[in-house]
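Everything quoted here is computed from the prediction, not taken from an experiment.
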Amino acid sequence: MSGSPATRLRFLGLLFWMAGGVVLTFAWMGMAELAYVDGQMPYLVSGGAAGLALVVVGSTLILSAAVSDAAERGAQRTAELLKQAADEAADQAFEEEKAAPEPAPAEAREADAKSGAGAA
């Protein structure tokens with residue numbers, strides 16, 4: 001079976017739910033045939049406990065699939081937001097670089113002369 005792990009977990013959870021339902025149904029059918037409580041207790045304890053355990057396991061699997069989906073969506077959204085923020089920062093830096101005035105050649109020579117004279 002192909003698909004995401006969450007899909008597999010959801011499918012497995014549904015299988016456990018169905019198995020729990022089948023076990024509970026057979027336990028009820030066994031109990032329904034007996035009129036005395038002492039004979040019904042083994043069906044109730046074994047079938048009821050096993051059926052409920054299967055339903056709980058199935059519910060846990062389905063819940064973990066939902067949590068896995070939510071975590072994956074959150075991670076994807078975080079990655080998108082980080083990429084968007086990085087793109088915006090790069091665009092802003094580029095715009096600031098383009099908007100910065102370039103020094104005139106005469107001013108650049110004067111600035112070089114002053115820095116050279118001050119260093120000597």
Side-chain angles (χ1 to χ4, degrees):
M1 182 171 103
S2 64
S4 71
T7 304
R8 288 186 221 131
L9 282 176
R10 205 170 282 118
F11 178 72
L12 194 58
L14 288 173
L15 288 178
F16 271 91
W17 269 1
M18 288 190 298
V22 167
V23 169
L24 286 171
T25 301
F26 279 122
W28 178 81
M29 287 171 46
M31 283 178 43
E33 293 177 359
L34 301 174
Y36 55 99
V37 175
D38 290 343
Q40 291 177 346
M41 287 308 285
Y43 287 104
L44 177 66
V45 171
S46 64
L52 286 176
L54 288 169
V55 169
V56 166
V57 168
S59 298
T60 303
L61 290 171
I62 289 175
L63 245 141
S64 66
V67 168
S68 174
D69 274 346
E72 185 176 331
R73 282 193 308 270
Q76 287 175 351
R77 180 67 181 145
T78 301
E80 289 171 6
L81 288 173
L82 287 173
K83 184 180 182 315
Q84 181 182 2
D87 289 345
E88 288 176 4
D91 289 344
Q92 185 178 5
F94 179 72
E95 291 298 325
E96 287 175 359
E97 185 179 302
K98 271 180 41 177
E102 293 182 19
E107 292 173 353
R109 279 182 267 159
E110 289 174 12
D112 286 341
K114 286 180 184 177
S115 64

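- A salt bridge does not link K83 to E80: none of the charged nitrogens lies less than 4.0 Å from a carboxylate oxygen.
- By the rule that hydrophobic residues join a cluster once side-chain heavy atoms approach within less than 4.5 Å of another member, F11 and M18 end up as members of one cluster.
- Put simply, CZ on R77 and CG on L82 are 10.5 Å apart, with the number rounded to the nearest 0.5 Å.
- Taken together through direct or relayed side-chain contacts under 4.5 Å among Ile, Leu, Val, Met, Phe, Trp and Tyr, V57 and V23 form part of one hydrophobic cluster.
- Taking 4.5 Å as the limit, some side-chain heavy atom of L81 sits within range of a side-chain heavy atom of Q84.
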(request) Mind running side chain to side chain contact (heavy atoms under 4.5 Å, CB included) on M41 and L44 for me, showing each step along the way? (result) CA-CA 5 Å; M41 287 308 285; L44 177 66; 4.1 Å; yes
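- Few gaps surround CD on Q76; more than 12 heavy atoms of other groups in view lie less than 6.0 Å from it.
- Between the side chain of T60 and the backbone N or O of V56 there is at least one donor-acceptor pair closer than 3.5 Å.
- Across all non-hydrogen atoms, the minimal contact from M31 to Q40 is O-NE2, 3.2 Å.
- Under a hydrophobic clustering in which Ile, Leu, Val, Met, Phe, Trp and Tyr are joined whenever their side-chain heavy atoms come within less than 4.5 Å, directly or via other members, V55 and Y43 fall into different clusters.
- When all heavy atoms are compared, the tightest approach of S64 to L9 is OG-CD1, 3.6 Å.
- Criterion: ILVMFWY side-chain heavy atoms under 4.5 Å apart, direct or through other members. Under it, L34 and M29 are not part of a common hydrophobic cluster.
- Linking ILVMFWY residues whenever their side-chain heavy atoms come closer than 4.5 Å, directly or via other members, leaves F16 and L63 in distinct clusters.
- Exactly one of L54, L61, I62 qualifies for a side-chain contact (heavy atoms from CB on, under 4.5 Å) with W17. That residue is I62.
- L24 and G47 make their closest contact through CD2-O, 3.9 Å (heavy atoms, listed as atom of the first residue, atom of the second, distance).
- Looking at every heavy atom in both residues, A6 comes nearest to D69 through CB-OD1, 3.1 Å.
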